[in-house]
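Below, chain A is the first sequence line, B the second, and so on; all start at residue 1. A quick note: this is a predicted structure, and the numbers were derived from the prediction, not measured. Computed over heavy atoms, backbone and side chain alike; hydrogens, waters and symmetry mates excluded.
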Amino acid sequence: ETGVTQTPRHLVMGMTNKKSLKCEQHLGHNAMYWYKQSAKKPLELMFVYNFKEQTENNSVPSRFSPECPNSSHLFLHLHTLQPEDSALYLCASSQDGGVSQPQHFGDGTRLSIL
Amino acid sequence: GENVEQHPSTLSVQEGDSAVIKCTYSDSASNYFPWYKQELGKGPQLIIDIRSNVGEKKDQRIAVTLNKTAKHFSLHITETQPEDSAVYFCAANILTGGGNKLTFGTGTQLKVEL
């Protein structure tokens with residue numbers, strides 16, 4: 001149990017579907033992150049939220065839309081995705097967005113785009 | 001931009017032997033270096049981290065060393081066991097632009113053979 005829970009664990013969707021990924025952390029943290037993990041590539045930071053405010057958008061296409069309603073929950077809304085978006089999407093949290101705060105990851109959502 | 005290089009990409013050792021994974025980073029301002037272990041079907045788990053004010057840190061069979069001058073840091077696992085088999089990622093923090101951002105290596109697949 002990592003304290004960071006992601007649902008669903010697996011998701012298969014067509015390119016025209018709309019779906020959402022959910023992340024919930026039970027660590028009392030105030031910063032949350034979305035990462036994309038593709039085979040043979042380093043983890044790619046997508047978005048950062050600190051105290052519910054978005055502080056980083058790492059040039060992510062608009063077909064990915066994050067939402068952070070409170071410090072414990074983070075969503076990633078997906079629409080009109082492309083096959084190259086198939087990957088493991090990881091959520092992480094840290095105490096806050098300050099420099100050098102350890103980040104704790106969930107187990108990810110394995111996304112497959114048909 | 002800032003990057004982290006990690007070697008080797010695969011490492012096979014006999015049970016009981018030591019394993020060493022090496023990383024180099026490009027941003028001389030980086031001051032936080034975590035290591036993550038990722039088992040199949042799981043998210044990355046923080047196993048040890050080091051900050052730039054120390055040169056070495058140990059936790060049971062795991063140790064990390066840091067050479068700031070050469071911008072190298074390494075993970076050492078002694079007395080390896082089959083449960084150490086996993087993918088290991090190094091990371092370094094990015095201070096440009098503020099916030100708590102990490103850049104990751106491409107991972108090392110460690111296999112501990114009986």
Side-chain angles (χ1 to χ4, degrees), chain A residues 1-10 21 23-25 27 29-51 53-60 87-110, chain B residues 1-10 23-27 29-54 57 59 64 66 73 86-109:
Chain A
E1 181 57 50
T2 67
V4 180
T5 303
Q6 291 188 244
T7 54
R9 292 297 313 278
H10 303 272
L21 310 185
C23 176
E24 182 175 2
Q25 57 93 4
L27 300 170
H29 290 168
N30 293 297
M32 297 187 77
Y33 311 76
W34 279 117
Y35 285 87
K36 176 183 180 182
Q37 186 175 36
S38 305
K40 308 297 183 185
K41 294 176 67 175
L43 272 73
E44 301 172 54
L45 178 66
M46 300 174 71
F47 302 103
V48 181
Y49 279 81
N50 192 31
F51 292 92
E53 297 298 319
Q54 186 179 156
T55 59
E56 182 80 18
N57 177 337
N58 199 23
S59 303
V60 180
L88 181 68
Y89 287 84
L90 292 162
C91 173
S93 70
S94 64
Q95 185 61 51
D96 55 46
V99 172
S100 311
Q101 294 288 331
Q103 296 182 22
H104 300 269
F105 286 82
D107 288 334
T109 295
R110 174 69 62 185
Chain B
E2 296 81 2
N3 63 6
V4 172
E5 295 190 5
Q6 182 172 348
H7 299 280
S9 57
T10 60
C23 291
T24 60
Y25 59 99
S26 59
D27 186 358
S30 295
N31 60 8
Y32 174 65
F33 308 91
W35 284 88
Y36 288 86
K37 174 184 180 182
Q38 186 172 22
E39 299 178 56
L40 197 62
K42 298 282 188 70
Q45 177 188 4
L46 180 66
I47 57 172
I48 195 168
D49 55 15
I50 190 169
R51 299 176 192 276
S52 59
N53 57 343
V54 297
K57 183 177 178 180
D59 182 3
V64 57
L66 172 65
F73 59 113
V87 180
Y88 291 81
F89 293 94
C90 62
N93 65 341
I94 305 168
L95 297 180
T96 305
N100 188 26
K101 294 177 287 187
L102 296 173
T103 185
F104 285 81
T106 50
T108 296
Q109 175 77 61

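Expressed to the nearest 0.5 Å, how far CG of A/Leu88 lies from NZ of B/Lys42 amounts to 13.0 Å. For the atom pair A/Tyr33 OH and B/Lys101 NZ, the distance stands at 10.5 Å (nearest 0.5 Å). Rounding to the nearest 0.5 Å places CG of B/Leu46 at 9.5 Å from CD of A/Gln103.
B/Pro34 does not touch chain A: none of its heavy atoms, backbone or side chain, sits under 4.5 Å away. Only the side chain of A/Leu90 has a heavy atom closer than 4.5 Å to any heavy atom of chain B. Looking at B/Gln45, there are no atoms closer than 4.5 Å to chain A (heavy atoms on both sides), in backbone or side chain. With a 4.5 Å cut-off on non-hydrogen atoms, A/Arg9 touches chain B through its side chain but not through its backbone. Proximity to chain A (any heavy atom under 4.5 Å) is restricted, for B/Phe89, to the side chain, taken from C-beta onward.
You'll find the side chain of A/Gln37 stays beyond 4.5 Å of the side chain of B/Phe104, heavy atoms only. Within the 4.5 Å cutoff, the side chain of A/Pro42 has no heavy atoms near those of the B/Thr103 side chain.
A pairwise comparison of heavy atoms in B/Asp49 and A/Pro102 identifies OD2-CG, 3.9 Å as the closest pair. B/Thr106 and A/Lys40 get closest at one heavy-atom pair: CG2-O, 4.5 Å.
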